[in-house]
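Here the structure is laid out as structure tokens; the discussion comes afterwards.
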Amino acid sequence: MGHNVNTYSNDIQEYSAVFAKTYLGNYNWEEYPRIIDDVIVIAQEYVDNVMKSYPDLVFDYTDITLNEFNALEQLQQDLISQNFEDIEHHLFIKNYSGTYWSFKQCLWIDALRVAAEEYSNSPVYYPLLSSIMYAMAYNAQSTGHYAQYRDANNIASMEDIIIYRNKSILPFFKKKLNELIEYTGKNKYNHTITSLDYIDCLDHTPNGTIVYADPPYTFVHYSRFYHALETLVRYDYPDVLFKGRYRTDRHQSPFCKKTTVTQAFQEMFVKIEEKKSKLVLSLLYP
Ligand SMILES: C[S@@+](CC[C@H](N)C(=O)[O-])C[C@H]1O[C@@H](n2cnc3c(N)ncnc32)[C@H](O)[C@@H]1O
């Protein structure tokens, strides 16, 4: 569809706009023949600088007991109280070490985020951010989202978590970016991608469009599952709360609350009718 017609894509979460911009973008990759190597050079330099300032932050998971493992995790989790003010970009090492990711994985997430920022005035910025999010997903020890990270309560769970702790961010980042370079290119359409509330988005769409709505299906807010992706994209050092280290400002959707869901749907139907548009609604039946 992104290669056949102008579209409007909207989701209240900013990370979702990054994916939409990635897949609907217009690229001339030939302008960036060495982009992967160039990004790695910047990221590696950042990693080296941090390790020069903090040489003790090395956490080795080889041949350890359950108690040693949990102590190692705790040491990393405690980095949240360190200020790291001497390092300009330290969001992930501070907020998430020893949780969904190890310190080392967080270091590489920060490093690649720093490198991506060098491209913030180019469309390739979005594939770079998407590739970091892909690597985050495949390195996280949680179960496909960021609502909670797992605890090691026994040897079996520890061993499983260690599999994820021993993964590296960089190969996953490279794999996804290579795929995006291969599968994206020129796109002559003028897509509009926003991070608005759905009513504001509908206000911006022209009359007589086809609206495909895919609202939340459950009482659990999406922002609880994907807060870490939102933070990667915004990189705004949010206050975080609870074991899951959720952003305190995470979005609460009217579609996920019993008291507001009926009105949320009604307002959507009324607005679409006012706009003389047609609706395709995705629904999930239990
Ligand atoms: C079922 S998911 C759809 C995800 C998307 N269609 C996809 O396939 O990846 C529901 C989405 O609605 C978004 N959402 C929830 N409340 C919203 C609101 N008030 N305005 C805009 N988007 C909202 C959530 O952030 C979530 O990503």
Side-chain angles (χ1 to χ4, degrees), residues 1-25 100 126-127 129-138 140 142-148 176 179-180 183-184 191-206 209-236 238 240-241 244-275 277-286:
M1 198 162 82
H3 289 269
N4 297 308
V5 66
N6 286 338
T7 61
Y8 286 74
S9 165
N10 180 67
D11 191 296
I12 195 85
Q13 303 259 244
E14 287 185 33
Y15 79 84
S16 176
V18 169
F19 290 139
K21 286 177 184 171
T22 297
Y23 288 104
L24 296 174
Y100 307 99
Y126 302 103
L129 292 179
S130 292
S131 301
I132 304 174
M133 290 193 267
Y134 174 86
M136 286 166 65
Y138 279 88
S142 51
T143 48
H145 55 64
Y146 311 103
Q148 285 283 2
K176 182 47 75 180
E179 284 172 12
L180 289 171
Y183 294 113
T184 60
H191 302 294
T192 306
I193 297 158
T194 48
S195 306
L196 299 170
D197 181 75
Y198 72 108
I199 290 291
D200 296 332
C201 167
L202 288 170
D203 277 335
H204 284 81
T205 55
T209 52
I210 296 175
V211 176
Y212 167 58
D214 187 18
Y217 319 107
T218 74
F219 61 91
V220 187
H221 294 280
Y222 274 72
S223 56
R224 173 159 176 252
F225 290 112
Y226 301 115
H227 60 98
L229 301 182
E230 191 70 356
T231 298
L232 185 271
V233 168
R234 291 166 63 176
Y235 212 79
D236 54 355
V240 290
L241 273 185
R245 303 204 172 175
Y246 310 132
R247 305 174 60 92
T248 48
D249 66 349
R250 70 190 174 84
H251 179 252
Q252 307 284 305
S253 177
F255 290 100
C256 302
K257 289 189 247 172
K258 209 172 176 177
T259 51
T260 49
V261 61
T262 306
Q263 197 185 343
F265 274 106
Q266 272 166 356
E267 286 177 9
M268 178 168 70
F269 297 149
V270 167
K271 183 62 74 179
I272 288 171
E273 200 171 31
E274 269 171 29
K275 287 265 170 179
S277 294
K278 294 208 174 348
L279 172 65
V280 179
L281 180 62
S282 106
L283 284 176
L284 185 76
Y285 290 103

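Counting convention: from 1, in listed order, for ligands and their atoms alike.
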Passing candidate, side-chain hydrogen bond (donor to acceptor under 3.5 Å, both in side chains) with T231, options R247, R245, E14, R250:
R247
Inspect the contact between K271 and E267 and indicate whether a charged nitrogen and a carboxylate oxygen are less than 4.0 angstrom apart.
no
Would you please name every residue forming a side-chain hydrogen bond (donor to acceptor under 3.5 Å, both in side chains) with Y198, sequence neighbours left out?
none
Quick check for students: name every N or O atom pair between ligand 1 and the protein closer than 3.5 Å, with distances.
residue	atom	partner	partner atom	Å
ligand 1	6 (N)	D214	OD2	2.7
ligand 1	16 (N)	S253	OG	2.7
ligand 1	19 (N)	D197	OD1	2.8
ligand 1	20 (N)	Y198	N	3.0
ligand 1	22 (N)	I12	N	3.2
ligand 1	25 (O)	D11	OD1	2.7
ligand 1	27 (O)	D11	OD1	3.4
ligand 1	27 (O)	D11	OD2	2.6

By side-chain hydrogen bond (donor to acceptor under 3.5 Å, both in side chains) - contacts of S282 (at least two apart):
D214, Y217
Under 3.5 Å donor-acceptor, S253 side chain and H221 backbone:
no
List for me each residue that meets side-chain hydrogen bond (donor to acceptor under 3.5 Å, both in side chains) alongside T194, sequence neighbours excluded, and say none if there are none.
N10
